[in-house]
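Each chain gets a letter, A, B and so on, in the order the sequences are listed, and its residues count up from 1.
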Protein chains: 2
Amino acid sequence: MKLSTKGRYGVKAMFDLAQHMGEGPTSLKSIAERQGISEHYLEQLVSGLRKAGLVKSVRGAQGGYLLGREPDKIKIGDIIRVLEGPIAPTDCVSEEDPELCSKAEFCVTRAIWEKVRDSIADVLDSITLETMLEDAQKIESERNLYMYYI
Amino acid sequence: MKLSTKGRYGVKAMFDLAQHMGEGPTSLKSIAERQGISEHYLEQLVSGLRKAGLVKSVRGAQGGYLLGREPDKIKIGDIIRVLEGPIAPTDCVSEEDPELCSKAEFCVTRAIWEKVRDSIADVLDSITLETMLEDAQKIESERNLYMYYI
DNA sequence: TTATATCTTATAAAAACACTCGGGATTTGT
DNA sequence: ACAAATCCCGAGTGTTTTTATAAGATATAA
């Protein structure tokens with residue numbers, strides 16, 4: 001039940017892009033440095049995100065990547081699905097064409113995995129890059145408040 | 001974000017044990033046959049469950065396994081934790097000694113994985129073998145109702 | 001035209017997964 | 001006493017997934 005580095009790195013990279021919006025294209029090199037990720041590896045992940053329309057690329061010198069749409073229109077679930085595939089604790093409850101077994105209709109264990117799948121999807125689809133930016137700002141201002149009182 | 005066969009087989013096997021309570025020890029062979037699982041592989045899984053006290057073993061001919069405690073005292077989360085380890089979409093939010101990074105306190109992505117972890121744990125800890133037995137009975141009686149009206 | 005980037009494909013080490021096997025210990029029934 | 005059933009334990013093995021690394025092609029700004 002672990003996320004692979006693809007999902008983790010992907011969300012980090014997308015959040016990094018969100019934090020640098022309005023500064024022109026952000027290069028993979030700078031993201032990789034800030035987030036401590038292999039640049040070459042990141043290339044592969046971003047390639048998928050680009051094909052899914054979650055980021056736009058600008059080639060050539062001073063090029064890089066931009067968010068594919070507004071941060072409030074990019075759910076964490078979108079990112080995870082591109083990089084890790086459909087949300088599915090088991091194949092028989094995959095969001096995309098589940099591999100139903102003959103007893104699926106009456107399967108009591110299957111019902112559990114469905115609930116797990118839905119609870120994960122609910123969390124991931126309730127958070128957007130915009131939400132994350134707001135959370136980051138909140139943490140930052142609380143931190144300043146704390147500093148003030150020292 | 002997939003469960004391995006360990007978790008899936010383990011829950012199936014435990015539910016099988018629950019369904020055969022009161023019939024004396026249930027052999028791995030019969031569980032393996034009913035659930036379509038390799039018997040030798042199942043041995044390994046059950047070994048862990050026994051060490052965790054979720055099942056009791058009876059050795060020798062006519063031996064087998066029994067539930068370690070009442071079915072309403074065995075949560076699916078208990079089974080999953082034994083077989084798959086602590087619930088943790090990432091290492092930094094593991095239920096057991098999380099590998100915190102230096103920025104953990106202010107990490108916005110980490111907060112997401114915490115929510116995912118908690119939502120998974122909530123589902124798995126809200127379902128017991130007893131619940132599953134009730135669900136199975138409900139499905140069975142609905143099925144009989146349907147048959148009656150044909 | 002040079003440096004900076006993205007893009008694409010290939011290769012590969014390491015880890016995880018899903019068994020498989022062999023043999024030993026324990027108990028029941030004959 | 002003995003055979004059959006069953007749990008118990010550790011080692012080995014093939015496959016897949018993960019996590020990169022590398023090389024080279026393409027595109028663009030300065």
Engineer: Please list all pairs meeting salt bridge (charged side-chain N to carboxylate O under 4.0 Å, His left out) that have one or both residues in residues 101-116 of chain A, counting only residues at least two apart or in different chains.
Structural biologist: R110(A)-E114(A)

Engineer: Are R143(B) and F106(A) in a cation-pi setup, meaning NZ or CZ lies under 6.0 angstrom from the ring centre and within 45 degrees of the ring axis?
Structural biologist: yes

Engineer: Which comes earlier along DNA chain C counting from the 5' end, the contact point of A61(B) or that of Y65(A), where each point is its nearest nucleotide?
Structural biologist: Y65(A)

Engineer: Among residues 84-99 of chain B, which residues get a heavy atom nearer than 4.0 Å to DNA chain D?
Structural biologist: none

Engineer: Taking OP1 and OP2 of dT19(D), is either one under 4.0 Å from a side-chain nitrogen or oxygen of T5(A)?
Structural biologist: yes

Engineer: Starting from P on dA22(D), measure out to CD on E39(A) and report it in whole angstrom.
Structural biologist: 13 Å

Engineer: In whole angstrom, give the distance that lies between atom CG of L45(A) and atom P of dA20(D).
Structural biologist: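 Distance, rounded to whole Å: 9 Å.
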
Engineer: CG of L28(A) versus C1' of dA20(D): gap in Å, rounded?
Structural biologist: 15 Å

Engineer: Tell me, do F15(A) and L133(A) make a side-chain contact under 4.5 Å, heavy atoms counted?
Structural biologist: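 Yes, close enough: below the 4.5 Å cut-off.
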
Engineer: Under 4.0 Å from any heavy atom of chain B: name the first and the last nucleotide of DNA chain C that qualifies, 5' to 3'.
Structural biologist: dA18(C) to dT28(C)

Engineer: Under 4.0 Å between a side-chain N or O of R50(B) and OP1 or OP2 of dC9(D)?
Structural biologist: yes

Engineer: Looking at every strand, decide which applies to V46(B) at a 4.0 Å heavy-atom threshold: base, sugar-phosphate, or nothing.
Structural biologist: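 Nothing, no nucleic acid heavy atom in range.
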
Engineer: Atom CD of Q44(B) and atom C1' of dG12(D): how far apart are they, to the nearest Å?
Structural biologist: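 Checked: the CD to C1' distance equals 11 Å.
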
Engineer: Quick one, D16(B) and R34(B) - any side-chain contact, counting heavy atoms below 4.5 Å?
Structural biologist: yes

Engineer: So, OP1 or OP2 of dA22(D): does either fall under 4.0 Å of a side-chain N or O from Y41(A)?
Structural biologist: no

Engineer: So do the side chains of V55(A) and L17(A) get within less than 4.5 Å of each other, counting heavy atoms only?
Structural biologist: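 SC-SC contact between V55(A) and L17(A) confirmed.
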
Engineer: Between dA27(D), dC9(D), dT18(D), spot the one nearest the side chain of R59(A), thanks.
Structural biologist: dA27(D)

Engineer: Is there a donor and acceptor pair closer than 3.5 Å between the side chain of E43(B) and the base of dC7(D)?
Structural biologist: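 When only heavy-atom distances are counted, E43(B) does not reach the base of dC7(D) through any donor-acceptor pair under 3.5 Å.
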
